Amino acid sequence: MLDFLGDWKRSDHCGSLRAADLERLVTVMGWVQSKRDHGGVIFIDLRDREGIVQIVLNPEHEKAAWEIAEQIKDEWVIAVKGKVRNRPEETLNPNIDTGEIEVFADEVRVLNTSKVLPFLIENEINVDELLRLKYRFLDLRRPVMKENLLLRHGVVTAARSFLNTEGFIEIETPFLTKSTPEGARDFLVPSRLSPGAFYALPQSPQLLKQTLMISGFDRYYQIAKCFRDEDLRADRQPEFTQIDFEMSFVSEDDVIETVEGMLSTIFKKARGLDIPVPFPRMSYEEAMLRYGTDSPDTRFGLELEDISEAFMKSEFKVFSGAIKRGGIIKALNAKGKAPELSRKEIDDLTEYAQSLGAKGLAWIRVQGAEWQSPITKFLSESETKSMKATLNMEDGDIVFFAADEPAVVNSVLSSIRLRLGKRFGMIDTGGFEFLWVVDFPLLEFDSTEHRYTSIHHPFTSPKEEHIDLLETEPLKVLSRAYDVIINGVEIGGGSIRIHRSDIQQKMFKALGLDEEEVTEKFGFLLTALDYGAPPHGGIALGLDRLVTLLAGSPSIRDVIAFPKTQKGSCPYTEAPSAVELSQLLELSIKVDKKEEKKESA
RNA sequence: GGGGCCGUAGUUCAGACCGGUUAGAACGCUGGCCUGUCAAGCCAGAGGUCGCGGGUUCAAUUCCCGUCGGCCCCGCCA
């Protein structure tokens, strides 16, 4: 049944044949997308990476080829020799690129068969993702998945070409590297040659790219795999890819302009889009005030308003109490949307707010002169008046309130804002809005660890004029960090780094890191900083997220060839898995895991 | 660590709230017919560990508990 390829050479891709190829004798190879057997004439849609072409077999033409074709099933791999000819006028297919022509088969070779498929090789399938991942090799045959990976290739190609042109040098850094405190949980790799010691997979090439600047490479880049052992999300994988670069003798604007140039190139080459540069910039403070998040989706309004001032002394204890405890009150007014929201939906929103950590979600619905709300009875006339003015409350509006500590209010209302934006179709899903968020605080106070931690990372430079504040008012220190946001998604973040060891030491001190530990964990960088480190800075862009956005895909998994599930497993390879005891012995590793209770028969 | 949703032919779902004869449908698959289809069409047929374990019950796909797996979210992700 099966034929060898023999001396057949592919002459063309299925998907690249056109009317210009008429009368040519061609040899095409690919997968059987579908077969339509009319008893006499047989049609086969043959698919390869470039597309689909129709093969026609007629028993009155070459009986042998036709007889083979009769046996063929979906997703078999076949090779066909035949002549490209016009389709009859009434059977042109405008839905495929090759729809003007067909290949009239003289000879067919069956190169491989296929089992019956677990799902159809089509774009619009409704299948459990687990099954798609288990049969990822089939899932990736679907045009939409193929397009995603081609898009990804296009993005990487464009990034490389841009960076090469700008004088960046691609340098690899090791996967087997050193575990460092701060940041995410490390993936560890045991060392056989140093029993009991471990490498860590890099969370990013951060320290080594800084080292390359100290070495004088001036401009470095890398399409870098990074590893973080944290819980997964729709936009987070334990291993992911960054477009990572670093530049010497620069300040913020140099890096920002380079990113704008690179993203312009990527959007142009990968999607044919012209994007406006420079991108607008917004301070962290303003982003938190207006949107409640440091990665605001600026495709729509529906901004938050801080109304704390008017309720400091309110009789309404939910509001005034929150302020007394150091909290704030913020509101967002969904203008004119009250009639569109059912009571059930409002209740669902309240439940959603609670799942995000809010104690509740107050709301006021404006209907004519009347305010329908569970809270109006607690509000004084002056409070009502002030609220009406501040929030511009008019007939048909519905306003939501959160009162709590600032972090809770902001995170809850920013999530509510996004949900309402989607619910009311306020978001232009076809477009892209770019934004730089700048002027981040350098530090935040971690109340569980009772110390300051970096908002960006410990190598981020404070603003030069704020260095002295490190010792006196650490929370007032602003950093030289910048995040690039597209459609509310954090696509990348970077900073001008600390290039002097005296300032780096001050930073570690502000973080409350033990000097001995610092030397042990970061000593290599401190040493390097002592040997003529130039001022430098850079950024890393999340390739997976960028491609997800460009592809308009709901999940990062759709732009990664072999992604992990939420539990970090790969259903295709079945990693992670147990290993041989002998392997563990070589590594001096003993597994301390509770044995599963064996059922006795 | 926590919250929510889900798991029934190869696939997507219905059946479950209200436990009861043979667990249905569509697509896919198999066989037959069919010479211009392109999601071909028409006819016939096969196909089930109702995720797994336990409990309640005369009786469990259905109710309860646990567990495994998948998805979304909080925490976490410098």
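In this text the structure is predicted, and so the values were computed from the model without any measurement. Every chain is numbered from 1, with letters handed out A, B, ... down the list of sequences.
Atom NZ in Lys564(A) sits about 17 Å away from atom C1' in C77(B), given to the nearest Å. Distance NZ (Lys134(A)) to P (G10(B)): 12 Å, rounded to an integer number of Å. Between the CD atom of Glu490(A) and the C1' atom of C76(B) there is a distance of 15 Å, rounded to whole Å. Rounded to an integer number of Å, the gap from Arg557(A) CZ to G70(B) C1' is 9 Å. Atoms CD (Gln354(A)) and P (G4(B)) sit 13 Å apart, rounded to a whole Å. C73(B) atom P lies 18 Å from atom CG of Asp348(A), rounded to whole Å. The separation between Leu46(A) atom CG and U37(B) atom C1' is 16 Å, rounded to whole Å. A40(B) atom C1' lies 13 Å from atom CZ of Arg87(A), rounded to whole Å.
No hydrogens or angles were tested; on distance alone, nothing pairs the side chain of Arg185(A) with the base of G75(B) as donor and acceptor under 3.5 Å. Evaluation of atom-type donor-acceptor distances gives a pair under 3.5 Å for the side chain of Asn93(A) against the base of C38(B). Judged by distance alone, with hydrogens and angles left aside, Arg228(A) brings no side-chain donor or acceptor close enough to the base of C77(B) to form a pair under 3.5 Å. Between the side chain of Arg233(A) and the base of G75(B) there is at least one donor-acceptor pair of N/O atoms closer than 3.5 Å. At a cut-off of 3.5 angstrom, the base of C76(B) holds at least one donor-acceptor pair with the side chain of Arg236(A). Side-chain atoms of Glu102(A) and base atoms of G36(B) include a donor and an acceptor less than 3.5 Å apart.
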Extract from the structure each pairing of a protein N or O with an N or O of nucleotides 28-32 of chain B at less than 3.5 Å, listing the distance.
none

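Taking atom C1' in both G15(B) and C71(B), one finds a spacing of 24 Å when rounded to whole Å.
Partner assigned to C5(B) is G70(B), using Watson-Crick or G-U wobble distances below 3.5 angstrom. Base-pair partner of U49(B): not found among the strands shown (Watson-Crick or G-U wobble, both distances under 3.5 Å). Both distances falling under 3.5 Å, in either a Watson-Crick or a G-U wobble arrangement, place C63(B) opposite G55(B).
Only Asn126(A), Val127(A), Asp128(A), Glu129(A), Leu130(A), Leu131(A), listed by number, bring a heavy atom of residues 121-131 of chain A to less than 4.0 angstrom from any atom of RNA chain B.
Residue whose closest nucleotide on RNA chain B sits further toward the 5' end, between Gln54(A) and Glu70(A): Glu70(A). Comparing Lys567(A) and Gln206(A) against RNA chain B, the residue whose closest nucleotide sits nearer the 5' end is Lys567(A).
Sorted by first and then second residue, the side chain to side chain donor-acceptor pair (under 3.5 Å) pairs involving residues 116-128 of chain A (not counting sequence neighbours) form an empty list.
Residue-level contact check: Asn58(A) touches the bases, meaning some heavy atom is under 4.0 Å from a base atom. Across all strands shown, Phe119(A) has no heavy atoms under 4.0 Å from either base or sugar-phosphate atoms. Residue-level contact check: Asn95(A) touches neither bases nor backbone, having no heavy atom under 4.0 Å from any strand. Heavy atoms of Ser569(A) sit under 4.0 angstrom from primed sugar atoms or phosphate atoms, though from no base atom.
There is a side-chain donor-acceptor pair under 3.5 Å between Asp244(A) and Tyr220(A). Side chains of Ser495(A) and Arg497(A): a donor-acceptor N/O pair is present below 3.5 angstrom, by distance only.
Between the side-chain ring of His38(A) and the base of G36(B), no stacking contact exists by the 5.5 Å and 30° definition.
In this structure, Tyr452(A) and Phe445(A) have perpendicular ring planes: the angle between them is above 60°, well past the 30° mark. Taking the six-membered ring where tryptophan is involved, the planes of Phe104(A) and His61(A) are tilted, since the angle between them lies from 30° to 60°.
Among C77(B), C71(B), C38(B), the nucleotide with an atom closest to any side-chain atom of Ala184(A) is C77(B). Distances from the side chain of Ser34(A) to the nucleotides U37(B), A40(B), C71(B) place A40(B) closest. Picking from C34(B), C74(B), C72(B) the nucleotide with the shortest atom distance to the side chain of Leu356(A) gives C74(B).
If you run salt bridge (charged side-chain N to carboxylate O under 4.0 Å, His left out) between Asp139(A) and each of Arg557(A), Arg132(A), Lys146(A), Lys134(A), only Arg132(A) comes through.
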